[in-house]
Amino acid sequence: MTRYISTPSRTKEILEQYGLHAKKGYGQNFLVDPVIVEKCAEASHCEGAVIEIGPGIGSLTEQLALHAEHVTAYEVDEALKPVLADTLSPYDNVEIIWQDFLKCDLKEVTGRLEKVYGSVSVCANLPYYITTPVLFKLFEEASIRYITVMVQKEVGERFAALPDSSAYSTLSVEGQYLYQVKKLFNVPARSFNPSPAVDSVIIQFSRRDDVQESQEETATYFAFLKGCFKQRRKTIYNNLKEYLQDGTKADEALQKAGISPKTRAQSMGQEELRRLYEALR
Ligand code: SAM
């Protein structure tokens with residue numbers, strides 16, 4: 001019977017064999033729950049090429065290699081070189097790039113992978129200290145249709161939150177503008193070695209087909225959203241006035257969009273926010 005890397009006993013063996021200690025600075029928490037790892041890979045739409053950020057000792061990479069045609073994984077910790085050379089040796093469809101993912105040329109990589117494998121998705125147990133910058137870098141590549149990631153529960157809830165809930169924030173509006181965001185599974189802290197202080201969640205972003213715009217247009221819209229949510233409990237009028245540095249302009253735009261100036265930013269949904277943006281242009 002196959003003993004996957006993600007079984008607690010095999011992970012323990014690998015860590016001991018290589019004298020490895022999870023590095024906090026790199027957000028290293030290794031998954032030791034084969035059921036979760038398999039479910040995550042299975043749900044990720046990774047048939048063609050899949051990009052993983054942070055393979056660690058290879059637990060999720062192994063399952064991705066079994067489900068996808070090709071895996072490209074970015075790992076920043078070069079101490080893991082001999083480990084991955086060993087644990088992933090049975091799989092010839094895995095390419096490891098020893099680089100900080102935030103520094104890679106994602107456009108070049110996705111273009112190359114899409115040409116050869118037809119589709120590119122992302123599946124990763126993200127290092128928590130860079131969750132948001134990694135996601136926003138991925139959001140810039142419209143060719144990535146599915147992003148399936150394990151994140152801290154609180155961050156996952158913010159991305160999936162709806163108006164008027166306590167977790168609703170700029171992250172919710174920005175993520176949901178470009179994607180349908182779905183929470184897939186909860187992952188308890190005990191599924192990791194070492195166990196983090198908080199629980200995690202696997203969320204999936206599925207790219208919306210109806211948003212066809214340039215990166216610059218999206219960036220301008222996101223700057224507007226940040227302005228609207230600067231103090232999300234305040235009224236939209238107050239936030240907009242500060243963002244525009246002009247109370248009259250804010251008033252006119254709200255009137256044109258048919259939105260009461262007393263509406264709280266945290267109560268505004270995608271459609272209302274977009275209407276306000278259009279009214280300003
Ligand atoms: N995928 C493995 C698993 O599920 O067991 C490990 C996940 S661990 C939460 C995060 C991994 O990301 C670590 O292996 C860490 O070294 C790596 N990492 C941290 N910062 C990174 C970066 N900037 N670029 C690429 N990998 C990074």
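For the numbers below, each heavy atom of this structure counts, side chains included, while hydrogens, waters and symmetry mates do not. Indexing begins at 1, ligand by ligand and atom by atom, following the structure's order.
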Undergrad: Would you say the ring centers of Y221 and Y277 fall short of 6.0 Å from each other?
TA: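 Yes, close enough.
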Undergrad: Which atom pairs, donor and acceptor, lie under 3.5 Å between side-chain atoms of residues 20-27 and protein residues at least two apart or in another chain?
TA:
unit_1 : atom_1 : unit_2 : atom_2 : d
K23    : NZ     : D77    : OD1    : 3.0
K23    : NZ     : D77    : OD2    : 3.0

Undergrad: Apply ring pair (Phe, Tyr, Trp, His ring centres under 6.0 Å) to F192 and list each qualifying residue two or more places apart in sequence or on a separate chain.
TA: none
Undergrad: Spell out, as yes or no, whether a donor-acceptor pair under 3.5 Å connects the side chain of E62 to the backbone of I5.
TA: yes
Undergrad: Who pairs with F222 by ring pair (Phe, Tyr, Trp, His ring centres under 6.0 Å), at least two apart in sequence or on another chain?
TA: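 Partners of F222 by the ring pair (Phe, Tyr, Trp, His ring centres under 6.0 Å) criterion come out as none, since no residue qualifies.
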Undergrad: Does any N or O in the side chain of S44 come within less than 3.5 Å of the main-chain N or O of C123, such that one atom is a donor and the other an acceptor?
TA: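 A pair under 3.5 Å: no.
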Undergrad: Taking only heavy atoms of the protein into account, state which residues are under 4.0 angstrom from an atom of ligand 1, in chain and number order.
TA: Y26, G27, Q28, N29, F30, L31, E52, G54, P55, G56, S59, Y74, E75, V76, D77, Q99, D100, F101, N125, L126, P127, Y129, I130
